[in-house]
There are 2 protein chains.
Amino acid sequence: MAAEGVTAKRADARRNVESILDAAVALLAIDPGVSVNEIAKAAGVGRVTLYGHFPSRAALVEAVSLRVIASTDQALGAIDLEGDPRDAMARLLEATWRLTHRFGAVVIAASGVLTPEEMRRVHEGLARRVHALVERGRDEGAFRRDMPVVWQLATIQAVLHGASAAVHRGDVTTDDATRLVRDTVLAALAVTSSA
Amino acid sequence: MAAEGVTAKRADARRNVESILDAAVALLAIDPGVSVNEIAKAAGVGRVTLYGHFPSRAALVEAVSLRVIASTDQALGAIDLEGDPRDAMARLLEATWRLTHRFGAVVIAASGVLTPEEMRRVHEGLARRVHALVERGRDEGAFRRDMPVVWQLATIQAVLHGASAAVHRGDVTTDDATRLVRDTVLAALAVTSSA
DNA sequence: CTTAAGGCGTACACCATTGTTCGAGAAAAG
DNA sequence: CTTTTCTCGAACAATGGTGTACGCCTTAAG
């Protein structure tokens, strides 16, 4: 329908592609080095079938990355970043945390496949919102200015990643982590009363 | 000399073992999956020579782990943890940061070789000091109590790890990171003035 | 129902890595 | 100098992963 040059894929083929992508996202989010065999098995298809849809492991990882990026970008785009920087950051963190926890190590898998330039562009696109919000918070006196912005961004990312690890370890629940990430990051960004 | 049961190793053999361990620590701290070949090459010895001293890759990683653990334990044991919890935490963080940055990913390599029980014991030994200090700080009203201790420990670890990544990325210098880690962690642990 | 697209298992080539063996040669120890 | 230990390269088997070729079978599509 879309293009008549390519013979429309059969229904089960489309279903399998979806299964493969779903399984790949789930497994790559835990272990970036998972084998194609395991992904195919988890998707309920044969390894050869997987290769019928994705010419190589790299292509699969790339497809997964694109899917994760699109999903992430869409979710973050819906966040209201206006108003008090602290409140906006709280909202942004809540959404970002869910995404980080859900996709986790996919980034690591992607870093081995995508070119550094592609990685930079993706990271840029996702970090842009946080970056802009941190800048605004600093300008408006809500966030401390005695640290580099890049450091503050790195801290946010580190806390998110650490929260994901803590949940996987069973130290805290996902719901608790939502609150803890927010409070911890806001405390780290807040202007010190002793200054 | 030490024991007459074993024939004393030759001088160059001892030197080579040291070279191998040094190279292994350096390489494993960057890439936990580095090959034996690369380690041997970096140490300036043949791969077979390496296998002459360490029966397997796992044995090498274990030896490296033990060396790192001993070095870490000794360095942290020299820290004065008395006095104001904030000051003590600052001192502890400074030392821990240097170790984290120096050894980094060795932990990841070790996790694939050491048994979970061994890993737990090692982690316990290293986290014990931080844990005790956080507890004391909470009891004395210096650190906030509206977060689980395990979360606060996870946060500290996350910031340290993130700092190491930031330095490797070139976002901040090692010296800056020392100060930033301290200030960020203390801000995250501090009791909120708004509460 | 007929047909073609897709699924699936087996088997194979290929590559990197681990771990071993052998023998010649260099170097330390006495 | 002699002996013993160690180094080192080359070669080999084993493993585990990626990617391909082939043939049979299932299933969607018309």
Side-chain angles (χ1 to χ4, degrees), chain A residues 1-24 27-28 30-65 105 108-114, chain B residues 1-24 27-28 30-65 105 108-114:
Chain A
M1 299 298 185
E4 55 279 316
V6 289
T7 43
K9 278 181 187 170
R10 230 171 63 180
D12 55 348
R14 265 179 285 121
R15 254 187 291 118
N16 277 334
V17 170
E18 284 304 304
S19 301
I20 292 169
L21 282 175
D22 287 346
L27 295 189
L28 287 172
I30 298 170
D31 176 11
V34 69
S35 75
V36 172
N37 205 348
E38 288 180 75
I39 294 174
K41 210 164 51 183
V45 303
R47 193 173 65 97
V48 183
T49 299
L50 192 154
Y51 275 105
H53 294 296
F54 303 93
S56 71
R57 184 183 202 282
L60 173 59
V61 172
E62 189 180 345
V64 168
S65 301
I108 299 174
S111 68
V113 169
L114 273 54
Chain B
M1 302 289 189
E4 55 279 315
V6 288
T7 43
K9 278 181 188 170
R10 226 171 65 179
D12 54 349
R14 265 179 285 120
R15 254 186 292 120
N16 277 335
V17 170
E18 283 305 304
S19 302
I20 292 168
L21 281 175
D22 287 346
L27 295 189
L28 287 173
I30 297 171
D31 176 12
V34 69
S35 74
V36 172
N37 206 349
E38 288 181 74
I39 294 173
K41 210 164 50 182
V45 303
R47 194 172 63 97
V48 183
T49 300
L50 190 155
Y51 275 105
H53 294 296
F54 302 94
S56 71
R57 185 183 201 282
L60 173 60
V61 173
E62 189 179 346
V64 167
S65 301
I108 300 174
S111 69
V113 169
L114 272 56

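Numbers restart at 1 for each chain; the letters A, B, ... are given by sequence-line order, proteins then strands. Predicted model, so just to flag it, every value in this text is computed and none were measured.
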Quiz item: Taking only N and O in the side chain of A:Asn37, is any of them less than 4.0 Å away from OP1 or OP2 of D:dT18?
Solution: no

Practice problem: Round to the nearest Å and state the distance from B:Asn16 atom CG to D:dT7 atom P. | Solution: 5 Å

Quiz item: Out of curiosity, B:Ser35 OG to B:Ile39 CD1, how far, rounded to the nearest 0.5 Å?
Solution: 7.0 Å

Exercise. Using whole Å, report how far NZ of B:Lys41 lies from C1' of C:dT18.
Key: 16 Å

Quiz item: Does the base of C:dT17 carry an N or O that pairs as donor and acceptor with the side chain of B:Arg57 under 3.5 Å?
Solution: no

Exercise. Could you check B:Pro55 against B:Ala11 and say which one's nearest nucleotide on DNA chain C is further toward the 5' end?
Key: B:Pro55

Exercise. Among the candidates D:dT7, C:dG7, C:dG19, find the nucleotide nearest to the side-chain atoms of B:Asp12.
Key: D:dT7

Quiz item: Nearest-Å distance, CG (B:Leu27) to P (C:dT17)?
Solution: 14 Å

Quiz item: Is there a side-chain contact between B:Arg15 and B:Asp12 (heavy atoms, below 4.5 Å)?
Solution: yes

Quiz item: Can you name the nearest heavy-atom pair linking A:Leu27 to A:Ala42, along with the distance?
Solution: CD1-CB, 3.8 Å

Quiz item: Which sits closer to the 5' end of DNA chain D, B:Val45 or A:Ser56, going by the nucleotide each is nearest to?
Solution: B:Val45

Quiz item: Rounded to whole angstroms, how far apart are CD on B:Glu38 and P on C:dT18?
Solution: 9 Å

Quiz item: Taking OP1 and OP2 of C:dG7, is either one under 4.0 Å from a side-chain nitrogen or oxygen of A:His53?
Solution: yes

Practice problem: Please state how far atom CZ in B:Phe54 lies from atom P in C:dT18, giving the value in whole angstrom units. | Solution: 15 Å

Exercise. Whole angstrom is fine here: how far is it from CZ in A:Arg14 over to C1' in C:dG7?
Key: 16 Å

Exercise. Side-chain contact test, heavy atoms from C-beta onward, threshold under 4.5 Å: evaluate it for B:Leu21 versus B:Phe54 and give yes or no.
Key: yes

Quiz item: Rounded to the Å, how far apart are A:Tyr51 OH and D:dG17 C1'?
Solution: 8 Å

Quiz prompt | 5' precedence on DNA chain D between A:Val34 and A:Val48 (nearest-nucleotide basis) | solution = A:Val34

Quiz item: Can you find a heavy atom in the side chain of A:Ser65 that is under 4.5 Å from one in the side chain of A:Leu114?
Solution: yes

Quiz item: What nucleotide, of C:dG19, D:dT18, D:dA29, holds the atom closest to the side chain of A:Arg47?
Solution: D:dT18

Quiz item: To the nearest angstrom, how far is A:Leu50 atom CG from D:dG17 atom P?
Solution: 15 Å

Quiz item: Of all the nucleotides listed (C:dT18, C:dA28, D:dC6), which has the minimum atom distance to the side chain of B:Ser35?
Solution: C:dT18

Quiz item: Would you say D:dA28 has OP1 or OP2 under 4.0 Å from some side-chain N or O of A:Arg15?
Solution: yes

